[in-house]
Participant: 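My questions all concern the structure below.
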Amino acid sequence: MLTFEFVNDSMNRLLREAVGKDIGIAWKNLKFTPKPHQVWLRAINAPASSYPITLGDAGHNESTGFYQITTFSPLNTGTSQQNQILDSIRKKFKLGLHVPCPEDHSLRITGVDFSQGGQTSLNDFAKGGIEDNWDVNFITIYWSAREPR
């Protein structure tokens, strides 16, 4: 199994558990049309680097990367629902969490960041990030995974 595959599957599963089945999620390379006037999410997994952590053919490698979740909320609807969703995600992806994954593999959360997209000034920050007709916020979960070679 590829690192990207087991990390992606594990993180996607956690996200679905965090927000429930009623929140729409745009997954990579799958067709998605957001429902009008409803909050929805987009999730991407981005592996960054792999390093050997032991020597020899039978050792382990460690990979790092991030999993970014973007929340989209209709403009002029306030932030209450979006904040509840972000809080549910933050609680599920706790810093230091060991995420369930295949045997002989490990996956843990090493960092969690929150940001509003698109701000370049204090005025932009106050109104948040905007993409088309959506207010957007991001939560980025940094991860570290280990797998046998």
Side-chain angles (χ1 to χ4, degrees), residues 1-74 79-120 124-125 128-149:
M1 178 175 282
L2 299 172
T3 302
F4 179 80
E5 185 178 15
F6 92 80
V7 170
N8 199 55
D9 290 349
S10 297
M11 299 296 263
N12 288 352
R13 191 170 28 260
L14 272 184
L15 177 57
R16 183 47 77 198
E17 290 172 8
V19 301
K21 63 181 179 173
D22 294 332
I23 301 294
I25 302 175
W27 306 106
K28 181 172 175 45
N29 201 26
L30 293 176
K31 186 176 179 169
F32 177 79
T33 302
K35 293 180 182 175
H37 315 295
Q38 290 189 13
V39 173
W40 60 280
L41 310 175
R42 178 176 56 212
I44 61 163
N45 184 33
S49 302
S50 292
Y51 307 95
I53 58 172
T54 58
L55 298 175
D57 290 339
H60 286 82
N61 291 333
E62 181 171 66
S63 297
T64 58
F66 65 89
Y67 186 79
Q68 188 170 69
I69 302 157
T70 308
T71 61
F72 294 82
S73 181
T79 60
S80 179
Q81 185 182 13
Q82 200 174 42
N83 288 343
Q84 288 174 350
I85 292 168
L86 288 166
D87 192 50
S88 294
I89 293 168
R90 183 190 56 80
K91 287 177 180 174
K92 190 69 170 182
F93 290 89
K94 293 179 186 173
L95 191 58
L97 174 71
H98 286 267
V99 179
C101 58
E103 190 174 330
D104 296 332
H105 293 68
S106 69
L107 173 60
R108 66 185 176 87
I109 306 301
T110 60
V112 179
D113 287 334
F114 170 80
S115 69
Q116 297 182 67
Q119 66 267 17
T120 56
D124 286 343
F125 188 83
I130 296 174
E131 190 173 309
D132 295 325
N133 291 319
W134 302 94
D135 176 69
V136 296
N137 286 290
F138 302 91
I139 188 164
T140 305
I141 295 112
Y142 296 90
W143 54 262
S144 174
R146 291 184 179 182
E147 65 182 337
R149 279 199 275 290

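Index from 1, following the sequence.
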Participant: What pairs meet the salt bridge (Lys or Arg N to Asp or Glu O under 4.0 Å) rule with one or both residues in residues 47-65, with sequence neighbours excluded?
Facilitator: Glu62-Arg146
Participant: Using the salt bridge (Lys or Arg N to Asp or Glu O under 4.0 Å) rule, collect all pairs that involve residues 11-28, keeping only residues at least two apart or in two chains.
Facilitator: Glu17-Lys92
Participant: Starting at CG of Asn8, measure out to CG of Asn45 and round the result to the nearest 0.5 Å.
Facilitator: 4.5 Å
Participant: When you measure from the side chain of Gln82 to the backbone of Asp135, do you find a donor-acceptor pair of N or O atoms at a distance under 3.5 Å?
Facilitator: yes
Participant: Report the distance from atom CH2 of Trp143 to atom CG of Leu107, rounding to the nearest 0.5 Å.
Facilitator: 7.5 Å
Participant: Report yes if the side chains of Thr64 and Tyr142 come closer than 4.5 Å at any heavy-atom pair, otherwise no.
Facilitator: no
Participant: Roughly how far, to the nearest 0.5 Å, is the CD atom of Gln38 from the CZ atom of Phe72?
Facilitator: 15.0 Å
Participant: What closest approach, in Å, do Ile23 and Val39 show between heavy atoms, and which atom pair accounts for it?
Facilitator: CG2-O, 4.2 Å
Participant: To the closest 0.5 Å, what do you measure between CD1 (Ile139) and OG1 (Thr71)?
Facilitator: 9.0 Å
Participant: Keeping to residues at least two apart or across chains, list the salt bridge (Lys or Arg N to Asp or Glu O under 4.0 Å) pairs with something in residues 96-111.
Facilitator: none
Participant: Who pairs with Asn83 by side-chain hydrogen bond (donor to acceptor under 3.5 Å, both in side chains), at least two apart in sequence or on another chain?
Facilitator: Thr79
Participant: Kindly give the heavy-atom pair with the smallest separation between Arg149 and Thr54, and that separation in Å.
Facilitator: NH2-O, 2.5 Å
Participant: Which residue pairs pass the ring-ring contact (aromatic ring centres under 6.0 Å, His included) test when at least one of the two sits in residues 17-39, sequence neighbours left out?
Facilitator: Phe32-Trp40
Participant: Provide the closest heavy-atom pair for Ala18 versus Ile89 in the form atom of the first, atom of the second, distance.
Facilitator: CB-CA, 4.1 Å
Participant: Would you mind telling me which of Pro148, Pro100, Ser10 makes a side-chain contact (heavy atoms from CB on, under 4.5 Å) with His105?
Facilitator: Pro148
Participant: With side chain to side chain contact (heavy atoms under 4.5 Å, CB included) as the test, would you mind laying out the steps for Asp113 and Phe138 before giving the verdict?
Facilitator: CA-CA 8 Å; Asp113 287 334; Phe138 302 91; over 6 Å; no
Participant: Who pairs with Ala46 by side chain to side chain contact (heavy atoms under 4.5 Å, CB included), at least two apart in sequence or on another chain?
Facilitator: Phe66
Participant: Could you tell me the separation between the CD1 atom of Ile69 and the CG atom of Asn137, rounded to the nearest 0.5 Å?
Facilitator: 12.5 Å
Participant: For the backbone of Val19 and the side chain of Ser88, can you confirm whether one donor and one acceptor N or O come within less than 3.5 Å of each other?
Facilitator: no
Participant: Side chain to side chain contact (heavy atoms under 4.5 Å, CB included) between Val7 and Tyr67: does it pass, once the steps are laid out?
Facilitator: CA-CA 9 Å; Val7 170; Tyr67 186 79; over 6 Å; no
Participant: Would you name the heavy atoms of Phe6 and Pro102 that are closest together and state the gap between them?
Facilitator: CD1-CD, 3.7 Å
Participant: As an exercise, state the distance from OG1 of Thr110 to CD1 of Ile141, rounded to the nearest 0.5 Å.
Facilitator: 10.5 Å
